[in-house]
Structures are given as C-alpha cells and as structure tokens.
Amino acid sequence: NAGVTQTPKFRILKIGQSMTLQCAQDMNHNYMYWYRQDPGMGLKLIYYSVGAGITDKGEVPNGYNVSRSTTEDFPLRLELAAPSQTSVYFCASSYSAGGGGDTQYFGPGTRLTVL
Amino acid sequence: AQSVTQLGSHVSVSEGALVLLRCNYSSSVPPYLFWYVQYPNQGLQLLLKYTTGATLVKGINGFEAEFKKSETSFHLTKPSAHMSDAAEYFCAVNTDKLIFGTGTRLQVFP
C-alpha cells in the first residue's frame, strides 16, 4: 500500500492565483483530513470528511474549499492565494471516527509559498 | 474544550542520555492521547497512543509514555537517546477532533 500520497511536494504561487492540492489514500479509510502546519504552532485542522460526499469545516477553513467525490481522494482548493496561506499542508486519513482512539495516517506534505 | 500543552519547544540531550518530553492535556471527558514524530521534511508518524487499559504505553524505537490522570499528563520518555531520535515530537489529544500541541524539537548531541 502507498498509504497517503500528496502532490505536489512544493509549489510557489503568486498572490491571487488558485491551485488544488491533491490527496489520495489506498487504505479504504472513511475519514480524511487536511491540516496546515506553521512554525511553532503545531497542526491546525482546515477541513475534514467522514465519507464520500460529506465534508465539514475544521478550525481554520477560511480561504479553502474541499470536495470528496470518492473514498480515495480529498483535494484541497485555494481560490485566491494570500501570503497568510504560506504553510506546509498535510493530508491524513483514518478508518473510524475522529472522536476515538483510531490512528490518523499522514501524507508527506505539500510546502506552499505565496509571494 | 480539549487542549494540549507541550513544555519546552526545544530539548537537547547527549547521545545515551534520558529523553523526557513533557505533555499536559485538558479534557472534560476521558481522552485518547497520542505522540507523533516528524522527521525533517516528512509527514507525521505515530509513535504510540493511549486509548484504554494499561497506563504505561510502549511505542516504536524504544519510546514509552505514561498516562497519569491525576496529573493530566502524558510525558514521553526513552532511557537512552540515539542520534536518529533527532526530530520534532507532537503530543495530541482526541475526544472529538485531534488537537495537537505546538511540538518539541529534540536535538541529540554526540
């Protein structure tokens, strides 16, 4: 199994540009998550999904959109990039509910810079 | 609301010395507690977790952590540090969503 994969690994955007960060998992997990990691701040939840067609906001959703049309894929869309969105983005997945002891599996991350 | 506090953003030890990374949590319900490790330019990897049962939890690479309800703590320890342990370590608590601490960067000197 490849686990959780993310593309691209690195990206530089200009202010106002749009892009989609791709995330896929091959573990047949129901739950998928997007986090951003800023220095000294830990990881903050942007959006999550409990299954195909169902998404919900996390702690820091402003400026982002998600969709989940299949169990495997969970893309994150930035519509109008801003410097505040410079960060490292991690996708994760888990088999069962977020309120339990289930392990979340993380992808390798996408490092995004907005200039 | 649940929260996690990691004391010390940087910890330095000599190779062979004890590693102690501190984590305190706040939760209104019995928590599930996790330690994740992040090596440079990589994603997070589960080190160990506490769900129920035995309060001393053993993880990968010789790490262990003890859940102490009375102290609301879940400190991570390793008896003898190795150079390969240099990484960033995140404590996390999960009752509804997974909430991460701000991380502790461990440096290991030869």
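Basis for what follows: all heavy atoms, side chains included, without hydrogens, waters or symmetry-related copies. Throughout, a chain's letter reflects where its sequence line sits, starting with A, and its residues are numbered from 1.
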Item to complete: Kindly write out the residues that satisfy ring-ring contact (aromatic ring centres under 6.0 Å, His included) with B:Phe34, not counting sequence neighbours, or none if the list is empty.
Response: none
Practice prompt. Find the one option among B:Arg105, B:Lys49, B:Glu88, B:Gln6 whose heavy-atom pairs under 4.5 Å with chain A are most numerous.
Written response: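 Maximum pair count with chain A is reached by B:Lys49.
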Tell me, for [X] versus chain A, whether the close heavy atoms (under 4.5 Å) come from the side chain, the backbone, both or neither.
{"X": "B:Gln38", "answer": "side chain"}
{"X": "B:Leu46", "answer": "side chain"}
{"X": "B:Thr102", "answer": "both"}
{"X": "B:Tyr50", "answer": "neither"}

Discussion item. Tell me if the CD1 atom of A:Ile15 is crowded by more than 12 foreign heavy atoms within 6.0 Å.
Written reply: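 It does: A:Ile15 CD1 has more than 12 such atoms within range.
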Worksheet, complete the sentence: Cut-off 4.5 Å, heavy atoms of chain B, and the answer for A:Gln37 is side chain
Discussion item. Between A:Leu45 and chain B, with a heavy-atom cut-off of 4.5 Å, which part of the residue counts as in contact: side chain, backbone, both or neither?
Written reply: side chain
Fill in: Test item: side-chain donor near acceptor, A:Tyr89 and A:Tyr64, under 3.5 Å
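Note: A:Tyr89 and A:Tyr64 side chains meet the donor-acceptor criterion.
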Worksheet item: Do we see a donor-acceptor contact under 3.5 Å between the side chains of A:Ser96 and A:Asp102?
Response: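 Side-chain D/A pair, A:Ser96 to A:Asp102: present.
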Practice prompt. Name all residues meeting the side-chain contact (heavy atoms from CB on, under 4.5 Å) criterion together with A:Thr55; count only those two or more places apart in sequence or in a different chain, and write none if there are none.
Written response: A:Ser49, A:Val66, A:Arg68, A:Phe74
Item to complete: Assign the ring pair B:Tyr36 / B:Phe100 to parallel, tilted or perpendicular, where the plane angle (0 to 90°) is split at 30° and 60°.
Response: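 B:Tyr36 vs B:Phe100 ring planes: tilted.
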